[in-house]
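This report refers to the structure that appears directly beneath it.
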Amino acid sequence: MQDLYIYVDKNKVNDCLKYGIKLSEYENRVLKLNEISKRGIQAYLTPKDSELYGDDEFDCIRVSTKNLTAIVFNKICENTDLIEQYVCNVEEYNYGDYESPEAIICSSILPENLYPYNKILDKPLLVQNSREFYYEKCINEIMETDKFSKYELYQTLLILGEQKKLYKVSKVKNVKIYTDVISGTKYTKRSN
């Protein structure tokens, strides 16, 4: 992983880009791992992973991970006995490994590692949203195992759509017709 993303108060961004980010001044995250506490600067794998993405009070800074000490962990396992299994160095992490990945930068960041993030002109992101990518990856892995057929998946999605009231259901003889309430698209399912 080449880049992480941090959010900094708009009023401090220029100083950060010019002088770098001192760990002792910007430390804002502690992760407890059994006997050890990792302290550092909270970072994200993609800008949209943070709830600050649309906040006008903060600006996003892209951080090159070159020569940085950083770890990635699965936030949903934080404060559980599982956390040790879901922590790795940033160099070892592959997109989609964790459901809710976050990072902690455990060292000061030199100015040459910092770049203002521009949503339009910045380098392209491999992943737009880490959690959605994780789900997509897992679904594809499950489907590749052939443990579930396309038919079973189709049936499950129709049932879920009916429960969420996304489909209007009507029955004609032994056939249920699921009509998408927005698009009007019709799907059929044999019923007993």
Side-chain angles (χ1 to χ4, degrees), residues 1-7 31 42-60 62 65 70-104 117-192:
M1 179 166 306
Q2 296 178 351
D3 298 304
L4 292 172
Y5 299 86
I6 61 173
Y7 284 85
L31 178 66
Q42 177 144 13
Y44 301 93
L45 279 56
T46 73
K48 288 184 180 178
D49 286 352
S50 172
E51 64 279 354
L52 297 175
Y53 180 73
D55 193 326
D56 292 335
E57 301 293 316
F58 292 87
D59 276 345
C60 185
R62 181 168 50 89
T65 59
I71 59 171
V72 178
F73 66 99
N74 193 349
K75 185 172 173 58
I76 64 168
C77 296
E78 188 175 15
N79 301 321
T80 71
D81 293 337
L82 297 171
I83 191 65
E84 293 285 334
Q85 299 171 41
Y86 292 95
V87 176
C88 66
N89 291 325
V90 70
E91 305 87 29
E92 298 167 359
Y93 183 78
N94 295 310
Y95 284 109
D97 282 353
Y98 301 156
E99 180 176 0
S100 188
E102 282 190 13
I104 298 176
Y117 176 69
N118 184 314
K119 295 176 185 177
I120 299 167
L121 300 175
D122 215 292
K123 66 188 214 181
L125 296 170
L126 294 175
V127 173
Q128 296 296 316
N129 180 301
S130 296
R131 186 172 285 200
E132 290 299 317
F133 182 77
Y134 172 81
Y135 296 143
E136 183 178 333
K137 178 184 169 195
C138 290
I139 288 168
N140 288 332
E141 286 174 358
I142 291 168
M143 291 306 297
E144 286 175 10
T145 64
D146 289 331
K147 292 180 182 174
F148 301 98
S149 69
K150 302 278 191 257
Y151 172 76
E152 290 170 319
L153 181 60
Y154 175 74
Q155 299 286 332
T156 303
L157 290 174
L158 289 176
I159 293 167
L160 181 61
E162 180 180 9
Q163 289 172 350
K164 291 179 75 174
K165 300 192 184 328
L166 299 173
Y167 302 133
K168 183 179 152 195
V169 181
S170 56
K171 192 171 181 181
V172 178
K173 292 191 179 183
N174 290 345
V175 177
K176 273 190 174 180
I177 299 170
Y178 294 79
T179 306
D180 187 309
V181 295
I182 296 171
S183 69
T185 305
K186 295 181 187 291
Y187 304 98
T188 59
K189 176 183 164 195
R190 213 173 346 151
S191 64
N192 299 333

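Heavy atoms only: backbone and side chains are in, while hydrogens, waters and symmetry mates are out. Please read all numbers here as calculations on a predicted model, not as lab measurements.
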[Y] and [X] side chains, donor-acceptor separation under 3.5 Å:
X: E84; Y: Y86; answer: no
X: N74; Y: S100; answer: no
X: Y7; Y: Q42; answer: no

Taking everything shown except E57 itself, do over 12 heavy atoms lie less than 6.0 Å from its CD?
-> no
Any chance CG of N118 has more than 12 other-residue heavy atoms, nucleotides or ligands included, within less than 6.0 Å?
-> yes
Checking the side chain of [X] only, and the main-chain atoms of [Y] only, is there a donor and an acceptor separated by less than 3.5 Å?
X: Q85; Y: L82; answer: no
X: N89; Y: E92; answer: no
X: T65; Y: Q2; answer: yes

Gap between atom [atom2] of [Y] and atom [atom1] of [X] - 0.5 Å precision:
X: S50; Y: L45; atom1: OG; atom2: CG; result: 12.0 Å
X: D49; Y: R131; atom1: CG; atom2: CZ; result: 9.0 Å
X: N129; Y: Y135; atom1: CG; atom2: OH; result: 9.5 Å
X: F133; Y: E99; atom1: CZ; atom2: CD; result: 14.0 Å

Can a cation-pi geometry be assigned to K189 and Y154, taking NZ or CZ under 6.0 Å from the six-membered ring centre and within 45° of the ring axis?
-> no
What one should report as the nearest heavy-atom pair of Q128 and T46 is O-OG1, 3.2 Å
Between K137 and D97, is there a salt bridge with N-O shorter than 4.0 Å?
-> yes
Ring centres of Y98 and Y134 under 6.0 Å apart?
-> no
